[in-house]
Structures are given as structure tokens and as C-alpha cells.
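Beneath this line is the structure, given in C-alpha cells, with notes to follow.
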Amino acid sequence: MRKIAYREALREALREEMRRDATVFLLGEDIGRYWQGAFKVTKGLAEEFGDERVRDTPISESAIIGAAVGAAITGMRPVAEIMFGDLTSLAMDQIANQAAKIHYMFGGQAKVPLVIRTPFGAGVNIAAHHSQSLEAWFMHVPGMFVVVPSTPYDAKGLLKTAIRGSNPVFFCEHKLLYPLEGEVPQEEYTVPFGVADVKREGSDVTIVATLYMVHKALNAAEELEVEGISVEVVDPRTLVPLDKQAIIDSVKKTGRLVVVSEDCKTAGVSAEIAAVVAEEAIDYLDAPIKRVAEPDTPIPFSPPLEQYVIPSEKTIMKAVKEII
Amino acid sequence: MRKIAYREALREALREEMRRDATVFLLGEDIGRYWQGAFKVTKGLAEEFGDERVRDTPISESAIIGAAVGAAITGMRPVAEIMFGDLTSLAMDQIANQAAKIHYMFGGQAKVPLVIRTPFGAGVNIAAHHSQSLEAWFMHVPGMFVVVPSTPYDAKGLLKTAIRGSNPVFFCEHKLLYPLEGEVPQEEYTVPFGVADVKREGSDVTIVATLYMVHKALNAAEELEVEGISVEVVDPRTLVPLDKQAIIDSVKKTGRLVVVSEDCKTAGVSAEIAAVVAEEAIDYLDAPIKRVAEPDTPIPFSPPLEQYVIPSEKTIMKAVKEII
Amino acid sequence: MIAEETRKLPLNLSKEKNIDLYRKMLEIRCFEEKVFELYAQNLVPGTIHLYTGEEAVAVGVCGNLRKDDYITSTHRGHGHCIAKGAQPKRVMAEILGKKTGYCKGKGGSMHIADFKVGMLGATAVVGAGLPIAMGAGLSIKLRRTDNVVACFFGDGASNQGTFHEAINMAAVWKLPVIFVCENNVYAMGTRQSTVMLVKNVADRAVAYGIPGVAVDGNDVLAVYEAAQKAVEMARKGEGPTLIECKTYRHKGHSRIDPAKYRPKEEVEDWLRNDPIKRFKERLLETNVVMEAEIQQIERKVSAEIEEAAKFAMESSYPAAEEALQDVYA
Amino acid sequence: MIAEETRKLPLNLSKEKNIDLYRKMLEIRCFEEKVFELYAQNLVPGTIHLYTGEEAVAVGVCGNLRKDDYITSTHRGHGHCIAKGAQPKRVMAEILGKKTGYCKGKGGSMHIADFKVGMLGATAVVGAGLPIAMGAGLSIKLRRTDNVVACFFGDGASNQGTFHEAINMAAVWKLPVIFVCENNVYAMGTRQSTVMLVKNVADRAVAYGIPGVAVDGNDVLAVYEAAQKAVEMARKGEGPTLIECKTYRHKGHSRIDPAKYRPKEEVEDWLRNDPIKRFKERLLETNVVMEAEIQQIERKVSAEIEEAAKFAMESSYPAAEEALQDVYA
Ligand SMILES: Cc1ncc(C[n+]2csc(CCOP(=O)(O)OP(=O)(O)O)c2C)c(N)n1
Ligand SMILES: Cc1ncc(C[n+]2csc(CCOP(=O)(O)OP(=O)(O)O)c2C)c(N)n1
Ligand SMILES: [Mg+2]
Ligand SMILES: [Mg+2]
């Protein structure tokens with residue numbers, strides 16, 4: 001099968017959905033013809049669809065999301081880009097109180113079919129305001145789906161599902177994933193929400209990981225195999241809805257769970273996944289659950305500091321060995 | 001000992017610290033002489049300390065926190081009030097990216113001694129934009145302390161600690177607690193951060209609860225005692241730092257854990273506490289961990305709907321019985 | 001307060017239109033008084049923010065709108081709903097938390113919406129409606145219809161960052177939005193003149209390169225006229241206008257507020273300046289309507305609101321488990 | 001671009017002051033060129049936003065500040081640091097991620113601070129510095145000192161809600177803040193004229209009832225003069241000013257940006273309009289300094305920056321575990 005990069009997979013999803021449905025449009029800072037998106041996801045789209053549908057905005061994150069909300073409840077399907085995930089903090093009211101709650105507050109009268117795309121993640125030395133992973137904030141907001149694709153295939157399929165749905169979707173990308181290549185079929189497909197993907201089968205321990213951490217988990221799994229430890233890597237692909245069953249099934253099989261996520265440990269993604277298992281599948285566990293996450297610090301700038309706080313193959317392997 | 005209401009305890013803390021330290025000042029919407037705070041916490045303070053130090057602001061949440069940050073890093077000790085916890089979403093960048101990260105980003109050069117006070121909680125039929133409990137968002141922000149007092153005693157002692165400290169403190173209050181009376185000594189005291197309080201001793205099951213849920217847990221415990229179940233109620237009092245040891249010690253004793261918190265279940269306070277125990281004390285557990293929290297919905301307006309989603313004595317008792 | 005001399009004769013409006021405006025204002029007034037009464041009887045959960053005294057704003061603006069035009073609203077939104085054509089009985093039912101309310105009891109007083117008449121809902125986050133209205137304007141532009149959006153917000157909201165961001169975007173993109181600031185002098189206990197140095201919120205339009213007008217918000221025709229111009233502009237694709245309506249709330253901010261921060265004379269002046277009384281006098285003076293007609297309208301409106309209250313009171317509460325519905329579409 | 005006729009003779013400044021301004025601008029220019037060079041050698045982690053071409057703004061403003069006055073800065077902050085008196089070598093070390101940097105390598109190019117000289121730090125969230133600067137102004141007022149704060153931000157930042165909220169609060173409370181908009185025509189690839197309808201960011205001051213002035217930001221004396229007036233006002237407790245400095249960045253937005261969105265003639269015009277070149281010519285024309293003195297300054301500055309780079313390069317990286325320090329004070 002042909003291989004394309006994650007950013008191209010996202011772009012294909014946008015292009016195909018925009019061709020299919022005239023109500024789909026994009027807005028965000030510098031996504032248009034002059035800059036083509038900070039990570040070039042929207043490259044070429046303004047040329048094809050025009051500046052109206054690939055809309056550059058002023059630097060006004062709150063109004064960007066508000067614009068998407070207003071458009072969504074009146075018949076459009078906006079896809080808003082927030083240039084860096086850290087900056088969603090500027091639009092938190094529009095995201096959490098407006099976009100996510102409107103359907104409920106108004107008793108189901110309005111649909112809010114909007115997608116917010118944004119890149120999270122550290123690793124490129126751009127420090128505390130451009131490197132965070134904040135998925136957990138959005139998981140804690142009822143009324144919104146939270147999507148975390150780790151491969152080009154998932155990225156394209158999930159983004160198409162997101163755009164076609166009737167609900168607000170918080171679509172998390174990862175800076176280091178954009179150039180990553182992977183197989184993506186030419187033919188039309190979508191990936192449903194709430195269905196995890198077992199990225200590697202194994203029998204001794206389950207690693208649940210998301211986004212870039214899936215790849216680190218896979219690397220760690222390979223190294224551990226050499227040492228005779230068989231690791232299953234489960235990628236939930238969407239955090240809300242969460243495919244609890246897939247996680248529990250895997251834990252039933254392995255009896256051991258390591259949750260790997262790049263965000264700060266306290267009250268992060270890994271806390272929720274650990275809690276689900278502690279609540280619903282504790283009897284299958286033969287060892288404590290391990291969380292591998294960023295220690296609770298802002299992301300530092302200097303390369304040795306930054307590398308120290310990002311979960312690595314090494315820290316993942318260490319965690320696995322601690323419970324084997 | 002004399003009894004005073006939670007809101008008076010808070011007021012006393014503010015008053016005493018303002019008398020003690022001229023750099024302490026308050027700012028927020030309608031906290032001054034005309035309105036005296038939406039929940040009357042600041043009543044009488046403008047009269048004593050003047051409008052400069054008890055400062056009414058325009059409706060500009062982001063600038064309120066920004067003002068506090070700028071003042072804190074230049075020698076003042078601001079206490080900012082955000083009228084409803086839901087509205088912190090408007091100031092999320094200033095809270096999470098500026099206030100919490102400045103000390104770290106700048107390599108320890110600056111201290112950011114500020115307190116953000118805000119009420120959370122449902123129960124008074126003011127619907128989706130005025131009833132949330134969002135502590136978990138702030139637990140997930142490194143560099144900030146998160147305080148959750150459940151009694152007048154704790155409220156006063158913790159607020160004094162917060163104001164005297166050198167770090168940003170996110171100080172959560174609860175609407176239904178304001179009128180609650182409790183013993184508060186006349187004499188000066190403070191309550192340290194990171195020290196849980198066992199609000200009731202018991203041997204069969206541990207309930208960890210915060211804010212208003214402490215009282216529901218205590219009620220449930222009393223009813224359960226009648227049925228022969230001995231419940232220990234642990235109140236962490238601060239979520240960051242979290243007194244893990246106290247929670248683990250209690251679980252060691254009881255072998256069972258129910259975590260009760262009023263926020264939405266997914267990625268909420270209860271997830272973190274459950275995860276800590278699943279990670280560090282799973283061997284002491286004789287049963288699955290239970291989380292009692294708001295189901296993942298916005299807070300509805302109508303009384304029967306609202307009551308349905310708020311954790312109650314009944315849902316707490318049910319959870320306890322499920323693991324006994 | 002706007003001086004007497006700005007009083008004008010009725011515009012060049014049909015008798016029906018004049019009566020319509022009067023009737024709508026009265027409907028809102030009666031409605032709010034009924035809400036107040038029910039609140040006093042402990043039948044209204046939560047809090048309420050009454051529109052009493054500000055009726056000319058919603059009615060003057062919405063009088064220019066078509067059913068398929070949109071509005072966005074605030075915590076003080078009952079008047080907006082009714083002015084845009086929502087049924088009082090279903091608004092009342094929502095305020096009482098009943099299943100027959102527009103939001104099935106999920107929203108309540110601060111979150112009413114009626115999408116069927118283009119009422120896109122009230123937000124209780126001060127200032128949050130401006131970007132949403134702007135987005136509805138963008139949607140209109142992208143869908144190439146000739147609708148417009150009227151966005152109501154308070155003086156207090158004009159200090160929020162969203163005011164700046166949303167109006168700027170609407171201006172730059174020439175969106176069909178009418179930003180209507182209901183300047184009722186106070187935001188809770190805070191006088192607008194203590195939190196803004198310029199005289200008029202409308203003066204801020206300059207910063208966005210769009211027209212800004214301040215009008216007597218207690219003169220329904222003045223509001224109507226200003227809105228008419230703005231709506232025309234918007235429909236023609238010539239972009240947004242900021243209209244500031246100077247008005248006053250007769251009651252406290254919310255039910256619990258005795259509003260002691262307001263000087264007595266100020267309150268009295270404004271009560272004398274009641275928009276409904278003023279318009280009625282004008283209609284009578286200019287012989288547009290006769291006293292008998294007015295009385296007939298008053299009776300009809302009053303009966304209708306009684307009906308609405310009855311409907312709401314007799315409706316049942318939603319079943320508790322409905323709380324779990326409508327989280328996702 | 002600001003026309004030739006606005007060129008003025010040096011103000012009534014001492015020779016030392018003139019030289020000081022020139023020297024500082026040159027220092028920034030050399031510094032940035034060095035950063036650029038090191039970046040090309042892969043010695044600078046992350047990204048960089050150079051101040052090249054905008055030196056007159058930071059220098060003209062900071063030339064009016066005392067050491068105990070404050071500034072706040074942005075992602076494009078190297079020039080602000082140096083203008084306020086931070087040591088180039090420690091700024092450079094920070095940019096390289098070294099332990100000897102002002103923030104021990106934790107901040108990097110986008111988060112430099114030097115509290116000892118009143119440089120309250122750069123934020124990389126566009127517009128986030130305005131409320132913080134306002135808060136520092138509030139602190140000054142409450143502590144009753146006569147300091148002032150200069151708040152630097154870009155044209156792009158002027159569309160953020162924080163611009164509105166912070167300037168309004170500073171205006172209402174008469175805080176000693178000078179809001180300095182560095183209008184370099186673009187925010188990344190976005191021309192300011194496409195995201196704002198008014199001609200000048202300074203025109204927005206009207207909305208807050210404070211003075212707003214637009215000046216030639218490539219004329220260090222014009223900036224100096226405008227800032228001087230604003231600083232005087234602020235020190236006297238007469239409140240904030242919004243100064244817009246029209247300028248241009250010589251390079252792309254960040255290191256990776258080829259800046260193809262800029263018309264060639266525009267770039268050439270602005271390169272001809274180089275603030276350092278202009279000031280040098282003026283100093284020479286008016287005989288304030290002689291060519292030989294200039295050359296001496298140039299040599300000294302160049303040597304000093306070489307020294308700074310050497311210091312930074314020779315410094316060691318922080319130990320990995322230091323990442324866990326400084327989370328709490
Ligand atoms: C963002 C935000 N801040 C504060 C509040 C609390 N609050 C509710 S109404 C109100 C006053 C609003 O004043 P204004 O905009 O003038 O509208 P009015 O009530 O006068 O109609 C405030 C502060 C809120 N709901 N939202
Ligand atoms: C709130 C926010 N939005 C977007 C970005 C990404 N970004 C970084 S710099 C920049 C452009 C800023 O333009 P301007 O304010 O004019 O400053 P300049 O770079 O021109 O100096 C953008 C959009 C950011 N860092 N913060
Ligand atoms: Mg008002
Ligand atoms: Mg710029």
C-alpha cells in the first residue's frame with residue numbers, strides 16, 4: 001500500500017470532506033495560502049477551495065472557536081485549527097462551556113458539528129508555552145469527543161469521522177507525528193470513534209499508549225521482546241469515547257498494565273485509564289498499575305532538560321520491568 | 001469553641017492577612033463595597049481596607065488574573081476572586097501558562113505568590129455555566145497548588161497558608177459550604193498544605209472526599225454505621241500537594257476505597273486518587289476501587305435533573321455496599 | 001439619561017407595526033412581572049435576571065428581523081426570546097424547569113433557546129455570545145443567504161476580551177451582525193462609568209472601523225430606527241454595526257439584589273422614563289391608537305401571560321434520568 | 001512606511017545619550033546576527049524570532065526607563081532584554097540552553113527574563129504580556145513608587161482579547177504603563193491590514209480614553225520622544241499611553257520562514273529604511289559623532305558580542321535532573 005505522512009493524511013481527509021460537503025470549511029491563524037499552516041497541514045487547500053473556505057484569522061483564539069460554534073449551530077461544519085495545543089487555554093470557555101454544552105443546555109435543539117484540530121507534544125525545544133499535552137482537560141468536558149490518532153491511517157480515518165459527525169470533536173495531533181509515514185489506502189474509509197486498536201499483540205503486559213507514545217511503546221515492546229517479555233500495545237485512538245472493553249480485555253489476558261501518556265502525570269490521561277481498570281478490572285491484575293508520564297513540571301527548553309521529562313523507551317521499559 | 005460560617009472563616013483569613021501584611025490585596029468583580037462579593041465573602045473589607053486594596057474590576061477574567069500575576073511578581077500578594085469557578089475558563093491561559101509556569105520558565109527568578117479563590121459546585125439550580133467543579137483541570141497544571149477546604153476551620157487555616165506562601169494557589173470553595181457553620185478558634189492558626197485530615201475514623205472502607213462531598217460522605221458514613229459498616233472518611237484538604245500517605249494508610253487499614261468527588265467522573269479528581277492507589281497500594285485492596293462522581297453531563301437546570309447528577313448520600317452508600 | 005427632546009413622533013410605520021411593537025413590549029413586561037410573582041411564590045428554581053425596563057431594546061431590534069434571522073442572548077434573556085417570537089408559555093415552562101420548556105428543563109432562565117425562530121440561545125458567560133453571533137454571521141456569509149444576526153450583550157460584557165475579538169473579526173470579514181449593547185448603567189453593582197473611561201460603549205466602534213451609534217434605549221422607535229439602518233447595511237453585505245441602547249433595569253440585577261448601590265433619584269428618573277409608558281403616550285398623543293384599543297391589547301396580553309403561566313405550572317418536571325440524555329447528538 | 005520628511009535632527013540629548021542609543025541598537029543587531037549564525041551552525045535549539053530591523057523600538061523606549069522600571073516582552077524578545085540592560089552573554093547562554101543563561105536553560109529564546117534589571121520576562125503566548133504588565137503597573141500604584149512599566153507586543157497581539165481587557169483596566173485605574181505596539185506589518189504570514197480595518201493600532205486608544213500615538217518605529221529619536229512623553233505621564237500618575245511603532249522585521253518570522261508572502265519592493269524599501277543606518281547617518285550629518293568614534297563603537301560591540309557567544313558556547317548544559325527543580329518556589 002502507498003505510504004504517506006501523517007500531515008498528508010490529515011490534509012487528504014480535509015480535502016476529501018471539503019469536496020464532498022460544501023458546508024465544511026477551515027479557519028485558523030495562518031492556515032491559508034501565505035503560510036499554509038504552522039505545520040503545513042493545510043498546504044494547497046486555499047488554492048483549491050479559496051480563501052473563504054480556508055480562512056486565515058486574526059490572532060484571536062477565543063473568537064476562532066466562537067466563530068466555529070456560531071457557524072456549526074447554523075448549518076456549517078467548521079474545522080478550526082489552534083496553532084499550538086497550549087493556546088487552547090485562551091479559548092477554554094468557548095470550547096468547554098459553549099461548544100461542548102450547547103447541545104445539552106438547549107435540550108437537544110442544536111447540533112454543534114465542529115472539529116478543533118491542534119498539535120500537542122514536546123520534543124522540539126520550544127519550551128513551556130508550545131509543548132504541552134492537555135488532552136485530559138478536554139476528556140473532563142462532557143459533550144465533546146477527544147481523538148488521539150497515532151498513525152497516518154488513523155489520522156485520516158478519524159478526522160473524516162470527526163467532520164461527518166454531529167458533535168464537537170477535540171482532535172489532538174502531535175508535532176513529532178506530522179512527518180511520520182504510514183500506509184494509507186487510496187480508497188475511501190473512516191475509522192469509528194470508540195474502537196481501540198491493538199497495535200501489537202502480546203501476553204505478559206499491556207501497554208496503553210496514545211499519540212506519539214504509541215511509537216515509543218512499540219519500540220520499547222520490541223526491545224523487551226529481546227529480553228523475553230511479550231508486550232501488548234493498545235492504542236485507544238479516541239479518549240472520549242474510550243474503548244474500555246478493549247483495554248480490559250487486554251488486561252484480562254496479560255494481568256499487567258502500564259499506561260503511557262506524554263502529559264503531566266497528575267490528573268492526566270493515564271490517571272483516567274488507570275482508574276477505569278482499578279474500578280472495572282482490578283481482579284485481573286497481577287501487579288500494580290504503572291503510569292509513565294511527564295513528571296509534573298512545565299516543559300523546559302534546554303535539550304537535556306526536555307529529554308529528561310518526556311517519557312522515553314527507557315522509562316517505559318523500566319516501568320514494565322518493575323511489574324514483571 | 002465559637003462557631004462561625006465558612007464564608008466568615010474565609011473573611012477572617014483575608015482580614016487578618018491584610019492587617020498583617022500591607023502587600024496583600026484583593027481584586028475581583030463586585031467584591032467591593034457595593035456588592036461585597038457574589039457570596040459575600042468580602043463583606044466589610046472594602047470599608048476597612050479601602051477601595052484600593054479591595055478592588056472592584058471590570059468583567060475581564062483574563063485581565064484579573066493577569067493583573068494578579070503582574071502584581072505578584074513585583075512584590076505584592078494578590079488574592080483574586082473569580083465569581084464562579086466555571087469562569088476560570090476565561091482566564092485559563094493566565095492561570096495555567098503564566099501564573100503557574102513563570103517561576104519555572106524563568107529558572108526560579110520570580111516568585112508568584114498569588115491566590116485565586118473561586119466557588120465550584122452544583123445544587124442551587126443555576127445550570128451549566130455556574131455549577132461545575134473543575135478542580136481536576138488545575139491539578140493537571142504543575143506549578144500551582146490546589147486547595148479544597150470542606151470546613152470553616154480548614155478554610156481559614158488553608159487560606160492563610162495560601163496567602164503567606166510563595167506560590168500560586170488555586171483555592172476552591174463550594175457554594176453550598178458558605179453558610180455552613182463550624183468551630184474556628186479565636187487564636188491564630190494555619191493549616192499546612194499536603195496534610196490530609198481524617199474526618200471520621202472507621203475500619204471497613206475508606207472514603208476519600210473533598211469539599212461539600214466530605215459532608216455527604218460523613219452523612220453516608222453515619223447511616224452505614226447503623227447498618228454495621230464502619231467507614232473512614234479522609235479529606236485530603238489539598239489536592240496538590242496530595243497527602244498520598246494518609247490515603248494509603250487508610251486503605252491499608254480498610255482494604256477498600258471509594259472516592260467521592262462532585263466533578264465529572266472522566267479524568268476528574270477521583271481518577272487521580274484512584275490511580276494513585278492502584279499504582280502505590282493495590283496490594284492492600286480487597287475489592288475494586290469505586291468512584292462516585294457526576295456522570296459525564298453538563299449540570300442541568302431543573303431540580304430533579306440536577307439532583308440526579310450530583311453525587312448523593314444514596315449513591316455513596318450504594319458504592320460502599322457494592323464493594324463490601 | 002437621554003433628554004426629552006429626543007422624543008420623536010412615530011416613524012413612518014404602519015399602525016399594525018406600531019401596535020406590534022407596543023404589544024411585544026407589553027408582553028415582555030407582563031411576562032417578567034409574572035416571573036417575579038412566581039419567584040416570590042418559590043416556584044422558580046435558581047435565580048432570575050428580569051428584563052423589566054429594557055423592553056424597547058429587544059423589541060426595537062427584533063422588530064427589524066425576519067423569522068429566519070438570528071439572535072444571540074444573555075443571562076437576561078427572557079425579553080429577547082419573546083421579542084424574537086418564542087412562545088411565552090414555553091419560555092415560562094423552561095424558567096420553571098419543566099419538560100415542556102424549550103430546553104426540556106435543562107437550560108432554565110439563563111439558557112433559553114428557540115432555534116425554530118432563530119433564537120440561538122442565551123449564554124450565562126458574560127460576553128461569550130459575541131463570538132458565537134459573529135460565527136453565525138460568518139455562516140450566513142458562507143451560505144450566501146441574506147440573513148442577519150443581532151447579538152445582545154450588556155455594558156459589562158463590553159469589557160470582555162471577546163467583545164474586542166468578535167467585533168474585530170466581524171468588521172474585517174464584513175459579517176452581517178448587529179452588535180446591540182444594552183447599557184443599563186450597571187453590571188451587577190458596578191457602574192459602567194467606573195470601568196470604562198469613554199462615554200459610550202458605542203464609541204468603541206471606532207477601534208474596528210465600523211459604525212457605532214448610541215441611542216435612547218427606552219425609545220422603541222429610536223432603537224427601531226438605528227437597528228433598521230444596521231440591518232439594512234448588514235443585509236447588503238456592508239458589515240456590522242455597534243448599537244448602544246441606553247436603558248435601565250427596573251429591578252435589581254437578580255432576584256436577591258436589593259440594588260442599594262443605585263441613587264434613589266436615578267431610579268426614579270428612569271422609572272419615569274419607562275419605555276412602555278412613553279410609547280403608549282406617544283401612540284395616544286399622535287392618535288395612532290385609541291385608549292380603548294390599548295386597553296384591549298392590555299387585556300389580551302395579560303390573559304395570554306396568565307395562560308402561559310398556567311401552562312408552565314401545570315406542566316410536569318422532566319424525569320430524573322433525562323439528565324443523562326442530550327449529552328451527545 | 002513613514003516618509004522621509006519625518007526625519008529629525010537629534011533631540012536635545014547629550015552626546016552620551018545619543019551614543020548610548022546608537023550603541024544599544026548596534027549591540028542588538030550584532031547579537032541577533034550572531035544568533036542567526038549560531039542557529040545556522042545548529043547550535044541553537046528550537047526556534048528563534050529575531051529582532052533585526054526593529055532595534056529602534058526597544059532602544060527608544062528603554063532609553064527612557066530607569067533600572068528599577070519594568071518591561072514585559074514577547075517571543076521576539078532578545079532586543080528587549082538587551083535594551084533594558086540584561087547582559088548579552090547570559091541572554092545568549094539562555095538561547096543556547098545553557099546553565100549560565102538567565103533562566104538556567106529552562107526558558108530559552110521565547111522565555112527570557114532578568115528580574116534584576118526589571119525585565120519581567122517574555123511570554124510566548126501572543127498578547128499574554130499585556131495583562132501582566134498592567135498588573136505590574138497596579139503593583140507600582142499600590143506600592144506608591146514612581147516606577148513605570150513598558151509593555152512590548154506585536155501588531156498581531158493587538159487583536160487578542162487581552163489587549164482590550166488590559167488596556168481598559170490600565171486606563172480606568174490610571175496605571176503607569178506604556179503599551180508599545182511593535183507593528184512590523186505582519187504576524188507570521190498575516191498582514192495586519194487584513195485583520196484590522198483601522199489604519200493604526202494606535203487608533204484603538206480612543207476606545208479606552210487614553211492617548212494613542214503612531215510613530216516611525218525606525219527612527220529611534222521619534223520613538224524616544226513619544227516614549228518620553230508617555231513615561232512622564234505615567235510617572236506623574238496620569239495613566240497609560242498606547243504607542244505604535246511602525247517597523248519591519250528584516251528576516252522571516254522565525255528561522256524557518258522564507259517570508260515569501262512579502263513583496264520584494266516592500267522588503268527593499270524597509271531594508272533601506274534601516275533604523276541603525278538612519279541614525280548613524282544622522283549622527284554623522286549633525287556632527288554629533290565622528291566616523292572614527294562610530295567605528296570604535298562598532299569594533300567594541302562586535303568584540304563584546306563575540307565574547308558573549310563564546311561565553312554561551314563554552315558554558316555547559318544544565319544537568320538533566322535540574323528539570324525537576326524550580327517547579328515550586
Ligand atoms: C464572564 C462572566 N463573569 C461574571 C459573571 C457573573 N455575572 C453575571 S451577570 C453579570 C453582570 C453583567 O453585566 P452586564 O453585561 O452589564 O449585563 P446586565 O446584567 O446589566 O444585563 C456578572 C458579573 C458571568 N456570568 N460571566
Ligand atoms: C496566542 C497565540 N496565538 C498564536 C501563537 C503563534 N504565534 C507565535 S508568534 C505569532 C505572530 C505574532 O505576531 P505579532 O504579535 O505581530 O508579533 P511579531 O511576531 O510580528 O513580532 C503567532 C501567531 C502564539 N504564540 N500565541
Ligand atoms: Mg448592565
Ligand atoms: Mg507583527
Side-chain angles (χ1 to χ4, degrees), chain C residues 125-132 134 138 153-175 177 179 181 183 187 190-212 214 233 237-242 244, chain D residues 125-132 134 138 153-175 177 179 181 183 187 190-212 214 233 237-242 244:
Chain C
V125 177
V126 170
L130 285 96
I132 297 175
M134 180 269 290
L138 175 59
F153 61 96
D155 46 287
S158 78
N159 298 318
Q160 280 284 22
T162 48
F163 169 94
H164 182 68
E165 295 186 5
I167 300 186
N168 183 53
M169 261 191 211
V172 167
W173 294 341
K174 289 211 177 312
L175 302 182
V177 186
F179 291 99
C181 180
N183 186 345
T190 302
R191 269 189 97 82
Q192 177 70 0
S193 60
T194 65
V195 287
M196 174 177 87
L197 289 190
V198 290
K199 186 155 167 262
N200 303 305
V201 173
D203 298 344
R204 291 181 161 173
V206 172
Y208 312 105
I210 63 165
M233 248 189 76
E238 291 169 7
T241 301
L242 172 58
E244 175 183 12
Chain D
V125 177
V126 170
L130 286 96
I132 298 175
M134 181 268 291
L138 175 58
F153 61 97
D155 47 286
S158 78
N159 298 318
Q160 279 285 22
T162 49
F163 169 95
H164 182 67
E165 296 187 6
I167 300 185
N168 185 53
M169 262 191 207
V172 168
W173 293 340
K174 290 213 179 309
L175 303 182
V177 186
F179 291 99
C181 180
N183 186 345
T190 301
R191 270 189 95 84
Q192 177 70 359
S193 60
T194 65
V195 288
M196 176 178 87
L197 288 189
V198 290
K199 185 155 166 263
N200 303 305
V201 173
D203 298 344
R204 292 181 161 172
V206 172
Y208 312 106
I210 63 164
M233 253 189 73
E238 291 169 7
T241 301
L242 172 58
E244 175 184 11

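Chain letters run A, B, ... following the sequence lines, proteins first and then strands; every chain starts at 1. These numbers come from a predicted model, not from an experiment.
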Between A205(D), G212(D), A207(D), G209(D), which has the largest tally of heavy atom pairs under 4.5 Å with chain C? A207(D)

Partners of A128(D) by side chain to side chain contact (heavy atoms under 4.5 Å, CB included), sequence neighbours excluded? D93(B), Q94(B), Q98(B), T123(D), V125(D)

Would you list the atom pairs, donor with acceptor, under 3.5 Å between side chains in residues 193-202 of chain C and any protein atom, with sequence neighbours excluded?
residue, atom, partner, partner atom, Å
T194(C), OG1, R191(C), O, 2.6
N200(C), OD1, K246(C), NZ, 2.5
N200(C), ND2, D203(C), OD1, 3.3

Looking only at heavy atoms, which of residues 166-175 of chain D get nearer than 4.5 Å to chain C? N168(D), A171(D), V172(D)

Residues that F163(D) engages under ring-ring contact (aromatic ring centres under 6.0 Å, His included), provided they are two or more places apart: H164(C), F153(D)

